[in-house]
K.L.:
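The structure is given below, and queries will be raised subsequently.
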Amino acid sequence: MRLMCPNCLAMVNLPDEAAGTDAPCPRCGKPFAAPARYDPVVAVERTIPPVPTAPVTTPPAVEPAPMSSGPIPAPPPGLVPLNEQSPNAAAAPPLPTPPAGYAHSRGVTFSPRVVAWVPAVGLLAILLLTPFSWAGLYPGGYAAYTQSPWQALFGSFSRDIGLEYVLHAEAPLTERVRSDWELMLPYLLGLFAAALIAGADRALRHNTAVTLPRRVARLQKAWPYRATILVALAGLLLLLLGAQLAAGFGLERAARKYAAEQAAADRQKAGITAPKPIEVEVQDDQALARYRLRNTTWLDVAVLLHVAVLAALILHFVLERRADRPPPRVVLQY
């Protein structure tokens with residue numbers, strides 16, 4: 001049976017054996033009364049002898065009336081469909097007629113089924129992007145020295161052997177690069193946990209009685225709160241990544257420090273003992289510009305996926321509470 005919990009207002013699946021009993025909600029854990037099974041029975045009692053009737057004449061055949069396109073009648077008590085969206089949910093209304101001056105209308109409907117899959121797919125995609133380079137030095141457009149989130153965690157980076165013969169910057173960068181474990185360790189662990197929870201939520205979406213191994217049986221109590229946990233993890237991951245971008249990856253900080261030291265050495269050779277602050281900033285930027293320090297497209301994609309995952313979790317939370325109302329839609333008229 002698929003019912004709506006009166007406590008958390010979420011659509012949940014209950015086994016048929018729970019009909020007519022107080023069953024706990026798989027989402028919030030609070031019990032609520034499940035309706036009894038609907039078994040119609042027709043009882044016929046005869047208190048007087050039957051009266052003979054005249055022979056029944058067969059009426060002429062009547063053409064069946066065309067099926068109405070109105071709303072589907074409500075099911076009997078206790079009968080709830082097993083699919084994710086009730087068939088009695090109001091269908092999305094047709095696109096409005098464009099007003100005067102507009103010729104076309106295009107709309108995007110936020111389907112609950114599609115929105116529910118975005119967190120699992122998005123978190124898995126971010127996890128697959130972590131072995132790629134998220135920051136690096138690209139002189140002339142070539143990847144000379146690059147760093148991925150895993151390398152930032154351990155304070156290492158990759159180098160191009162051919163470009164190293166030209167730049168000779170591996171040793172100075174190795175001396176100055178530092179590990180980013182304070183932000184990258186909780187970020188990567190949280191990313192693993194969020195991807196695992198989101199994937200399990202999609203894999204077990206039709207199974208309300210989840211049984212975990214004895215070693216991790218304590219997690220059974222937290223399973224009904226997985227949506228709240230996912231929202232908190234998604235927000236924390238985006239916050240950690242934003243803090244890392246503000247501070248710069250280890251390779252970025254090492255490159256800036258090395259470029260500033262080169263600019264200071266050049267000023268010393270030129271006999272400039274008391275440079276102005278604006279001169280120091282310009283010379284430092286000029287020294288750093290030769291290495292073309294920048295973030296990669298993989299990092300931009302990861303940030304966009306983080307935003308999409310968090311937005312989808314919040315939108316899914318809102319859609320679950322719309323009950324049988326049609327899903328929201330964005331319409332563009334031109």
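Residue indices begin at 1 and follow the sequence shown. Because the structure is a prediction, the values reported are computed rather than measured.
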K.L.:
Mind jotting down which residue pairs meet the salt bridge (Lys or Arg N to Asp or Glu O under 4.0 Å) criterion with at least one end in residues 178-193? Sequence neighbours excluded, please.
P.N.:
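Output for this query lists Asp180-Arg253.
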K.L.:
Flag yes if Phe132 and Leu251 sit in one hydrophobic cluster, no otherwise; membership is Ile, Leu, Val, Met, Phe, Trp, Tyr, and two members link when side-chain heavy atoms are under 4.5 Å apart.
P.N.:
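Hydrophobic grouping puts Phe132 apart from Leu251.
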K.L.:
Regarding Glu164 and Arg159, does a basic nitrogen lie under 4.0 Å from an acidic carboxylate oxygen?
P.N.:
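Salt bridge: no.
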K.L.:
Can Leu230 be reached from Val121 by stepping across I, L, V, M, F, W or Y side chains whose heavy atoms are under 4.5 Å apart?
P.N.:
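The answer is no; the residues belong to distinct hydrophobic clusters.
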K.L.:
Minimum heavy-atom separation for Tyr145 and His168, please, with both atom names.
P.N.:
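Distance-wise, the nearest heavy atoms are OH-N, 4.2 Å.
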K.L.:
Got a donor-acceptor contact below 3.5 angstrom from the Tyr258 side chain to the Ala169 backbone?
P.N.:
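No, because the side chain of Tyr258 does not come within donor-acceptor range (under 3.5 Å) of the backbone of Ala169.
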K.L.:
Treat each ILVMFWY residue as a node, draw an edge where side-chain heavy atoms are under 4.5 Å apart, and state whether Phe317 and Val309 are in one component.
P.N.:
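In one cluster: no.
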K.L.:
Checking Thr130 against Trp150: is there a side-chain donor and acceptor pair closer than 3.5 Å?
P.N.:
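Side-chain D/A pair, Trp150 to Thr130: present.
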K.L.:
Check this for me, if you would: do Arg267 and Asp284 make a salt bridge, where the nitrogen-to-carboxylate-oxygen distance has to be below 4.0 angstrom?
P.N.:
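Yes, Arg267 and Asp284 are salt-bridged.
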K.L.:
Check this for me: Ile161, atom CD1, are more than 12 non-hydrogen atoms of other residues, nucleotides or ligands nearer than 6.0 Å?
P.N.:
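No.
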K.L.:
Kindly write out the residues that satisfy ring pair (Phe, Tyr, Trp, His ring centres under 6.0 Å) with Phe249, not counting sequence neighbours, or none if the list is empty.
P.N.:
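Checked Phe249 against ring pair (Phe, Tyr, Trp, His ring centres under 6.0 Å); zero matches.
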K.L.:
Calculate, to the nearest 0.5 Å, the distance between atoms CD1 and CG belonging to Ile126 and Leu188 respectively.
P.N.:
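Spacing of CD1 (Ile126) from CG (Leu188) equals 11.5 Å.
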